[in-house]
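These notes are about the structure you will find just below.
Only heavy atoms go into these numbers, but all of them, side chains included; no hydrogens, no water, no symmetry mates. One is the number of the first residue; the rest follow in order along the sequence.
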Amino acid sequence: MEILPAVRPKILIVDDRPENLFVLHNILGILDVEVIQASTGNDALGLALEHDFFCAILDVQMPEMDGYELAELLRGNLATATMPIIFVSAVFSDDYHHRNGYEAGAVDFISKPFVPEILVSKIKVFLDLYKQRHELETFVEQLNSANRQLKFVNHELETFSYSIAHDLRAPLRAIDGFSRI
């Protein structure tokens, strides 16, 4: 039995060009996810604090702060530190920028133009990991609840057995006394 999160998993896409956001949104539309868009790094940071994203797709070149800086800030926040980040860029596609992306905390760097099916396949991996993590968290919660119930029942059993043992001692002492006489 598969246990899914109560709400649809969310993915963050960040790009300063509306046409890029539109294309990414349409590509990811085949997945059962909620796509949330941001056009600046600052907007993305605010959204990252409001939502639990299973993944983020970032453009490198943006106004205010670039994608590398955004990735470093996301990595520095406890709530978003483990969120997978994928960079997608047309301008910065050389080895130097790929290294910068990985050093900033990205798990992948895709150069444009890219094959949509490859991006979707990569996102599916992170989506599956996200769902598995939520299943595991649900099982751990259930296990903790069962442990608490077991501790309570054990305590009740100990109390009951102490009471029975105490109540049986008096008649046994009387029998022991009569047998000595």
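I30 has its side chain within reach of V120: a pair of non-hydrogen atoms, C-beta onward, lies under 4.5 Å apart. Counting heavy atoms from C-beta on, the side chains of L28 and I11 come closer than 4.5 Å. Side-chain contact between Q37 and L12: absent, with no pair of heavy atoms (C-beta onward) separated by less than 4.5 Å. Using a 4.5 Å heavy-atom threshold, the side chains of Y102 and R99 count as separate. The closest side-chain heavy-atom distance from L143 to N147 is below 4.5 Å. For the pair M62 and T40, the minimum side-chain heavy-atom distance is 4.5 Å or more. Using a 4.5 Å heavy-atom threshold, the side chains of L49 and N77 count as touching. Two residues are said to be in side-chain contact when any heavy atoms from C-beta on lie closer than 4.5 Å; L47 and F53 meet this criterion.
The environment of F114 atom CZ is dense: over 12 non-hydrogen atoms of other residues, nucleotides or ligands sit within 6.0 angstrom.
Panel note: side chain S163, backbone T159; no donor-acceptor pair is recorded below 3.5 Å. Listed for the R75 side chain is a donor-acceptor partner under 3.5 Å among the backbone atoms of M83.
Ion pairing of K131 with E135 is absent here, as no side-chain N (NZ or NE/NH1/NH2) approaches a carboxylate O to less than 4.0 Å.
For the atom pair L119 CG and D108 CG, the distance stands at 9.0 Å (nearest 0.5 Å). I110 CD1 to F87 CZ: the interatomic distance, rounded to the nearest 0.5 Å, is 12.0 Å. If you take CG on L21 and CD1 on I36, they are separated by 12.5 Å, rounding to the nearest 0.5 Å. A distance of 10.0 Å separates CD of E156 from CD of E158, quoted to the nearest 0.5 Å. To the nearest 0.5 Å, the span separating CD1 on I123 from CD1 on I27 amounts to 10.5 Å. Rounding to the nearest 0.5 angstrom, the gap separating the NE2 atom in H155 from the CG atom in L150 is 13.5 Å.
With sequence neighbours left out, the salt bridge (charged side-chain N to carboxylate O under 4.0 Å, His left out) criterion links K10 to no other residue. Residues that satisfy the side chain to side chain donor-acceptor pair (under 3.5 Å) test with D52, not counting sequence neighbours, are Y130. Qualifying side chain to side chain contact (heavy atoms under 4.5 Å, CB included) partners for E103, counting only residues two or more places apart in sequence or in other chains: N100. Scored by the side chain to side chain contact (heavy atoms under 4.5 Å, CB included) test, I164 finds F160, L168 as partners (sequence neighbours excluded). Evaluation of the side chain to side chain contact (heavy atoms under 4.5 Å, CB included) rule for A104 yields Y68, A71, E72 as partners, not counting sequence neighbours. Every residue was checked against the side chain to side chain contact (heavy atoms under 4.5 Å, CB included) condition with D128, not counting sequence neighbours, and none meets it. Every residue meeting the salt bridge (charged side-chain N to carboxylate O under 4.0 Å, His left out) condition with R17, not counting sequence neighbours, appears here in chain and number order: E19. In this structure, D59 has no salt bridge (charged side-chain N to carboxylate O under 4.0 Å, His left out) partners at least two apart in sequence or on a different chain. Considering only residues two or more places apart in sequence or on other chains, D94 meets the salt bridge (charged side-chain N to carboxylate O under 4.0 Å, His left out) condition with none of them. For D16, the side chain to side chain donor-acceptor pair (under 3.5 Å) test picks out no residue, with sequence neighbours left out. F126 is linked by a ring-ring contact (aromatic ring centres under 6.0 Å, His included) to nothing, counting only residues two or more places apart in sequence or in another chain.
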Discussion item. Does F54 form a side chain to side chain contact (heavy atoms under 4.5 Å, CB included) with L129? I'd like the steps, not just the answer.
Written reply: CA-CA 9 Å; F54 76 89; L129 290 171; over 6 Å; no

Discussion item. Run the side chain to side chain contact (heavy atoms under 4.5 Å, CB included) test on L70 and L74 for me, step by step, so that the C-alpha distance in whole Å, both residues' side-chain angles and the decisive distance to 0.1 Å come before the verdict.
Written reply: CA-CA 6 Å; L70 173 58; L74 291 170; 4.0 Å; yes

Discussion item. Evaluate I85 against V107 for side chain to side chain contact (heavy atoms under 4.5 Å, CB included), listing each step before the verdict.
Written reply: CA-CA 6 Å; I85 296 171; V107 297; 5.7 Å; no

Item to complete: Let me see the working for D66 and Q61 under side chain to side chain contact (heavy atoms under 4.5 Å, CB included), right down to the final yes or no.
Response: CA-CA 5 Å; D66 64 23; Q61 186 178 14; over 6 Å; no

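Two different hydrophobic clusters hold V125 and L136 under the rule that ILVMFWY side chains link at heavy-atom gaps under 4.5 Å. Note: the hydrophobic cluster containing I118 does not contain V23 (ILVMFWY, side chain heavy atoms under 4.5 Å, direct or indirect links).
Identified under the side chain to side chain donor-acceptor pair (under 3.5 Å) test for residues 109-120, with sequence neighbours left out: H98-S111.
The heavy-atom pair separating A44 from V14 by the smallest distance is CB-CG2, 3.5 Å. Taking both residues in full, the closest heavy atoms of I57 and V88 are given as CG2-CG2, 3.5 Å, listed atom of the first, atom of the second, then distance.
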